[in-house]
Amino acid sequence: IIKLQINNVEQSPSVVSNIWYNQNVNVKWIVTDPESGVSSSTGCGEQNIVTDTSGTIFSCTATNNDGLTTPPVSVTIKRDTVKPDIALDDSADGTVDNIITVQADQTAGKIVAYSTTASDERSGVATGPTCTPASGTLFAIADTAITCNAADNAGNSTTETYTVRVLPFIFIALGTEEHPIYQNDLTDILVADPAANIGAGVDTITVILDGDAACPIFPCTANAILSE
């Protein structure tokens with residue numbers, strides 16, 4: 001009779017062969033023959049797996065004192081102690097720095113879609129990456145941290161933090177010094193200052209919108225506040 005122990009716990013070889021471990025693994029074979037006794041065994045010595053492996057096979061066979069030999073009992077040990085990698089695609093702004101930089105296209109900020117991937121070269125990715133706030137969230141005009149998690153099939157997990165940086169509106173002066181007009185370079189909003197008050201302070205100005213759900217017909221005006 002041949003029984004397998006993994007880390008001093010009796011296990012089924014078929015079950016163990018489908019498990020990934022993320023720690024050292026001790027393999028023992030318990031060989032017994034209550035009737036005639038065991039005369040010899042092959043491959044049944046104790047083994048310690050202390051390095052990562054995608055699959056190391058151990059086999060044990062034994063012969064009793066009547067000359068009967070058991071078929072080999074085999075087990076495959078898989079060990080992975082390396083955490084998976086998470087990568088953020090932040091190349092759209094031309095700089096690979098784990099920061100997604102965009103400009104707001106509304107006063108509340110901008111809806112930002114981003115892409116992350118997880119990889120694990122040995123046991124493979126089990127879950128993730130899962131990120132919060134999620135892609136497609138409305139991000140405020142600020143630096144916002146996004147946290148991403150992933151785990152591999154051996155139970156190793158990793159967490160990475162990235163930044164979504166939403167910059168304020170940029171206005172371009174289109175009018176004259178006496179009657180300046182400002183245009184947001186990302187939308188169809190025109191801002192006019194009919195009072196020509198270009199000094200420091202806060203002006204009440206008129207916003208001309210080129211048709212949207214709230215104002216389907218051009219022109220449409222609304223009051224706004226401009227800090228100069």
Side-chain angles (χ1 to χ4, degrees), residues 15 18-23 52-55 78-172 182-191 202 205-227:
V15 171
N18 289 298
I19 294 176
W20 280 94
Y21 293 90
N22 59 12
Q23 60 185 350
D52 287 355
T53 173
S54 296
K78 299 181 290 186
R79 180 182 186 270
D80 179 10
T81 60
V82 179
K83 297 178 180 180
D85 293 320
I86 300 176
L88 169 72
D89 181 4
D90 64 340
S91 59
D93 59 10
T95 303
V96 179
D97 55 4
N98 289 334
I99 299 175
I100 300 173
T101 303
V102 297
Q103 282 190 318
D105 58 7
Q106 53 185 297
T107 56
K110 183 178 178 64
I111 295 175
V112 179
Y114 61 86
S115 175
T116 56
T117 57
S119 60
D120 188 277
E121 64 181 21
R122 193 171 297 278
S123 64
V125 176
T127 59
T130 302
C131 301
T132 305
S135 175
T137 296
L138 175 62
F139 287 83
I141 300 174
D143 280 4
T144 301
I146 55 175
T147 302
C148 300
N149 300 284
D152 64 19
N153 287 296
N156 303 300
S157 61
T158 189
T159 300
E160 297 289 350
T161 301
Y162 307 105
T163 299
V164 172
R165 176 170 295 163
V166 180
L167 302 177
F169 290 103
I170 291 180
F171 290 93
I172 303 173
Y182 306 92
Q183 181 178 12
N184 186 311
D185 67 343
L186 295 180
T187 69
D188 56 5
I189 299 175
L190 293 179
V191 182
V202 177
I205 50 85
T206 300
V207 180
I208 304 174
L209 303 174
D210 184 5
D212 57 20
C215 176
I217 302 175
F218 180 85
C220 178
T221 62
N223 290 329
I225 301 298
L226 172 66
S227 294

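Interatomic distance, Cys131 SG to Ile146 CD1, rounded to the nearest 0.5 Å: 5.5 Å. To the nearest 0.5 angstrom, Arg122 atom CZ is 11.0 Å from Asp152 atom CG.
Annotation for Leu88 and Tyr114: closest pair CD1-CD1, 4.1 Å, computed over non-hydrogen atoms. Looking at every heavy atom in both residues, Ile86 comes nearest to Cys148 through CD1-O, 3.6 Å. Closest of all the heavy-atom pairs between Ile19 and Val15 is CG1-O, 3.3 Å. Taking both residues in full, the closest heavy atoms of Pro84 and Asn156 are given as CD-O, 3.5 Å, listed atom of the first, atom of the second, then distance. The minimum heavy-atom distance between Pro129 and Ala150, with the atom names listed, is CA-CB, 4.2 Å.
Within the 3.5 Å criterion, the main-chain N or O of Lys110 finds no donor-acceptor partner in the side chain of Asp105. Of the possible donor and acceptor atoms, none in the side chain of Asn98 sits under 3.5 Å from a partner among the backbone N and O of Tyr162. Within the 3.5 Å criterion, the main-chain N or O of Ala151 finds no donor-acceptor partner in the side chain of Ser157. Judged purely by atom type and a 3.5 angstrom limit, Asn22 uses its side chain to pair as donor or acceptor with the backbone of Ala154. Remark: side-chain polar atoms of Asp89 are not paired, donor with acceptor, to backbone N or O of Ser115 under 3.5 angstrom. Using a distance-only test at 3.5 Å, with no hydrogens or angles considered, no donor-acceptor pair links the side chain of Thr132 to the main chain of Ala134.
Ile100 has its side chain out of reach of Phe139: every pair of non-hydrogen atoms, C-beta onward, lies at least 4.5 Å apart. Between Asp90 and Val96, some side-chain heavy-atom pair lies under the 4.5 Å cut-off.
Only one option out of Thr101, Thr144, Ile141, Asp143 pairs with Val166 in a side-chain contact (heavy atoms from CB on, under 4.5 Å); it is Ile141.
Among residues at least two apart or in separate chains, salt bridge (charged side-chain N to carboxylate O under 4.0 Å, His left out) pairs with a member in residues 78-88 are Asp52-Arg79.
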